[in-house]
Number of protein chains: 4
Amino acid sequence: MRKQGVIGKESRLRLLEAATQEFALNGFYQAKISSIVARAGVTQPAFYLYFESKEAAFAELIDGFRNGLIQVVRDSHIEAGKNRDDLKEAVVESLGQIYRYLGENPALTRIGLYQSAESVRIKAEIAGLMEQNLIAEQQAGYYRHDLDTVFFAEALLAIVERLTLIKLLPGHETPSKLARITQDLFFYGILDTKHRE
Amino acid sequence: MRKQGVIGKESRLRLLEAATQEFALNGFYQAKISSIVARAGVTQPAFYLYFESKEAAFAELIDGFRNGLIQVVRDSHIEAGKNRDDLKEAVVESLGQIYRYLGENPALTRIGLYQSAESVRIKAEIAGLMEQNLIAEQQAGYYRHDLDTVFFAEALLAIVERLTLIKLLPGHETPSKLARITQDLFFYGILDTKHRE
Amino acid sequence: MRKQGVIGKESRLRLLEAATQEFALNGFYQAKISSIVARAGVTQPAFYLYFESKEAAFAELIDGFRNGLIQVVRDSHIEAGKNRDDLKEAVVESLGQIYRYLGENPALTRIGLYQSAESVRIKAEIAGLMEQNLIAEQQAGYYRHDLDTVFFAEALLAIVERLTLIKLLPGHETPSKLARITQDLFFYGILDTKHRE
Amino acid sequence: MRKQGVIGKESRLRLLEAATQEFALNGFYQAKISSIVARAGVTQPAFYLYFESKEAAFAELIDGFRNGLIQVVRDSHIEAGKNRDDLKEAVVESLGQIYRYLGENPALTRIGLYQSAESVRIKAEIAGLMEQNLIAEQQAGYYRHDLDTVFFAEALLAIVERLTLIKLLPGHETPSKLARITQDLFFYGILDTKHRE
DNA sequence: AATGAATGAGAGTTCATTCAT
DNA sequence: GATGAATGAACTCTCATTCAT
C-alpha cells in the first residue's frame, strides 16, 4: 500500500463504494470479498492492494460514518436564550440535520447503525453526546427539570434510529418531515388535552 | 424426524436451549452447529435428528418468540372508560407486561429483536399490533386526535426496543421501572411547563 | 477432534505418514496439505479432523522424532571401567544405535535434522546431551583431558549429521559401518604414525 | 535486461545485497520479492529489470558464493615436504582461510551452506575438492594410509560446516581459533594417551 | 437414539510476475 | 531507468451437512 496516483485513488474509491454496498446489504460476515471486487470491477488481489483485510476495510467505513455522525450530533446542540417558537424550530432543524446525514449516507447508515457489532458502541456514543446536549438544554430551561436525561437521550436515539430504518432509508419520508414528527412527539407528549385537565 | 420418545424429547430440548444461547450470542450466521451441539453435549448428526437444518432450528426459535410477543402485545390493549389516573396505571401495567416478557426471555429477545433478518419483520408486525391498540385508545379519547398513530406506534416500539437492549437485558433496570419511564415520557412530553406557557 | 474409533486412528496414521513423506520431501513451507491428503487418500477437511493445523501436524512429527532421538542419545552413554578394546566396541555400539535410529526413520530424520527451523534447536539439544556423555566419559579417563568437550560434541554431531545425510539415508552405508568409521576417525586422529613420531 | 549505466548498476547492487540478506534470513521460499525491494528501496518491477526471476537472483548469489569457496578450498592444498610442525601450521592456515571466507560472507554462507537445495550440491562439490587435497596430502605421507579419504573429507566438511554455523556466524569464535580446534581434533584424535597404551 | 467419519463448497489471503506509461 | 497498477494461481482453513453403523 504505497504511494498512489490518481488511478489508484479511483480504484480505491470504487472498492470502498462497492464494499459499502456489500456490507450494507449483507453485513460484515456475509459480505464476500469476491462480491466487492466484482462490483468494483477488479480482481481479488486488487482489494489487498488498498486494504489490509476485510476487517480493515470495514473499520474504515465504520470510522468514517461514526466521525461524521459524531460531528453532526455535536453540531446539533441548541444554545440558550431562545423563546418557545424559536426553540421548536431549532430542534426541528437539529433533528433535520441528523436525519439528513443518515439519509444522505443510506448504505453507511445501514452498516453503522444496524449491521455491525460496532453499531452498539456507536449508538452508545451517540446517545452520550445527545445526553450532553440535552443536559445543557435542560439547564437552559427548555425541558422539565424532573426529566431523566439518560432515558431521554436513549429514547430520542431510539426513535431516530427506528424512523430512519423504516421511513427514511426506504424513502417514505423526508428528513424534515421526520424531524418535525420527532419534535412534536417529544414536545407535547400524547395525552389528549381535554382528557388531560 | 420421526416421533420421539422421552429421551429424544430431552435431547431436543437441550439442543433448542443450546441453540438459543448460541444464536443470541453470535447471531445466525456466526452461530456454529458445532458450538450448539457442544453446549448440548451431543454430536453433530444428533442435531439433524431433530432439526432439518440450521435455518429450521432458528425459525423455530424465532417463531416461538414471535408468537409469545404477539400475544403479550395483543393483551396489552387498554379498554375505554378509564379516568386519567387509571389510564396511567393501565398503560404502565401494559408496558410492564411487554418488558417482563422480554426480560424473562433474554436470549430469545436478543435473537428475535436484534439478531436476525426476521427481527425486521417481527418488529414491523409488533408495530402494527401496537398501532391497532393505539387507534382504539385514541378513539376512546385517551390521546390527542392529531397524533399520527403510525409514528406513535413506531416510536413506542423504538423506545421499548432500545431500553430493553441497554437497560433491561443487562439487568440495569426492572421491567416496572422501564414501563413507568416510558409512560412518563410519552404522556407528558419534555417541555418545561413554565417555559410552555 | 473428539473420541476416535479404530477407523479414525487408521486415517490419522495414514495422514501422519503422508505428512512425514511430504514434509521430508518439501520442507514445511513447500509441503502442501493437498499433497498430504492426496497421499493419504482423504479429502482436505479430513486433515483438520485430526490435526489443528499444518503447524500442529508438523510439530507432532518433530516432537516424536526429537523425543526418540533424545532417548537414544541418552542411552548411548558409556559407563566407566572399560578397557581400551571394550571402550572401542562400546563406542561403536553407541554410535551404531544413533545411526540405526536415524536410518530407521529416514523421513523423520530429514525433517528433524535438515528440514526445519526446529532442527537447529534439536541439534543444539542433542549436542548438549552428547557433551554430557562425553564429560562423564572423559572423567572416566577415556579421553584426553585437554579435550574441549563442547567442540568435541559439536564435531561428533556434525559428522553423524553429515554421514547420515550423504551415506545413510541414500542407503550407501549401513549404520554399523558408519559407526565404525566415526569411531575410528575420532579415536586415532589422522596423522600418519610414522610421521607422528 | 539491456546494458546498464552507472545508476542501474547501483540499483542492481542494492538489490543484490538486499536479496542476500533476505535469502539468508528466510531461505529461498520464504524470502519475498516485496521484502527485497523494500530493503533496496525500489519498486517491485525494478527487480525484474535486473533479474529474470527470483530463482535467477538466487542462483546468481549462490554462484558467487560457490565460486569463491571453491577457490579458497583449492588454494588450501598443502604441498609435500613439510615437517610435522610446519604441517600443523599449514593446516591451521588452510582451515583458517576457509573459516575466514565464510566468516567474511556470513549472509552468503547462510544461503550457500544452509538455506537451499543447492547447498547440498555445493557441499558435495566442496567435499570432493577437499578429498582431492587430502589424497595428495596423504600421498605426501602426512596422514595414515588406511584413512578413507572420502569419509575424512566429509567429516572435515561436516565439522567446518557446523562450527561455522554455531560458533563463527554468531561471532562466538574467530576463524583462527576454529581452525586450530579443528586441526587439533583431527590430528590427535580423542583418546587419552595413558589409556591408549 | 445416537455416533464416528467424512466431505463439497467456498472463504480470505499471499505472492511472483507483468504491462502500460 | 523506473513505477503505479493489476493479476493468475495457489494455499490454508471452515462449516453445514450426510452416510453407514
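Per chain, numbering begins at 1; letters A, B, ... match sequence-line order. All of these numbers come straight from a predicted model, not from anything done at the bench.
Spacing between atom CZ of Phe47(A) and atom C1' of dA11(E) amounts to 13 Å, rounded to whole angstrom units. Between Tyr48(C) atom OH and dG10(E) atom C1' there is a gap of 14 Å when expressed in whole angstrom units. Following rounding to the nearest Å, Gln44(B) (CD) and dT14(F) (P) show an atom-to-atom distance of 14 Å. Computed from coordinates, the Lys54(A) NZ to dG12(E) P distance equals 5 Å when rounded to whole Å. Atom-to-atom, NZ of Lys32(A) to P of dA9(E) comes out at 14 Å; the value is rounded to the nearest Å. When the C1' atom of dT14(E) is taken as reference, atom CD of Glu52(A) falls 13 Å away, rounded to whole Å. Following rounding to the nearest Å, Phe23(C) (CZ) and dT12(F) (P) show an atom-to-atom distance of 9 Å. Whole-Å rounding puts the Arg14(B) CZ to dA2(E) C1' distance at 12 Å.
Taking for each of Val6(C) and Phe28(A) the nucleotide of DNA chain E with the nearest heavy atom, the 5'-most of the two is the partner of Val6(C). Place Gln30(B) and Gly41(A) on DNA chain F by their nearest nucleotides, and Gly41(A) ends up nearer the 5' end. Along DNA chain E, the nucleotide closest to Val42(C) and the one closest to Ala46(B) are compared, and the more 5′ of them pairs with Ala46(B).
A distance of 6.0 Å or more separates the ring centres of Tyr29(C) and Tyr29(D).
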Problem set entry | Stepwise side-chain contact (heavy atoms from CB on, under 4.5 Å) test for Ile111(B) and Phe65(B) | CA-CA 9 Å; Ile111(B) 297 173; Phe65(B) 172 77; over 6 Å; no
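Note on Ala31(B): only backbone sugar-phosphate atoms sit closer than 4.0 angstrom, heavy atoms only; bases stay farther off. Backbone-only engagement by Glu55(C) is indicated by non-hydrogen atom pairs under 4.0 Å involving sugar-phosphate atoms exclusively.
Exactly one residue among Glu17(B), Arg14(B), Glu22(B) makes a side-chain contact (heavy atoms from CB on, under 4.5 Å) with Arg39(B). That residue is Glu22(B).
Ser11(C) has a side-chain polar atom (N or O) that falls below the 4.0 Å cut-off from OP1 or OP2 of dA6(E). In this model, the phosphate group of dA6(E) is approached by a side-chain N or O of Tyr50(C) to a distance below 4.0 Å at OP1 or OP2.
You'll find that the side chain of Leu49(A) is closest to dA6(F), out of dA2(E), dT3(F), dA6(F). Closest to the side chain of Ile33(D), out of dA16(E), dG8(F), dA5(F), is dA16(E). Comparing atom distances between the Pro45(A) side chain and each of dT7(E), dT3(E), dT14(E) picks out dT14(E) as nearest.
One finds a salt bridge joining Glu118(D) and Arg121(D) here, because a Lys/Arg side-chain nitrogen approaches an Asp/Glu carboxylate oxygen to under 4.0 Å.
Rounding to the nearest 0.5 Å gives a distance of 6.5 Å between CG of Leu108(B) and OH of Tyr101(B).
Checking dA20(F) for Watson-Crick or G-U wobble geometry (two distances, each under 3.5 Å) identifies dT3(E) as its partner.
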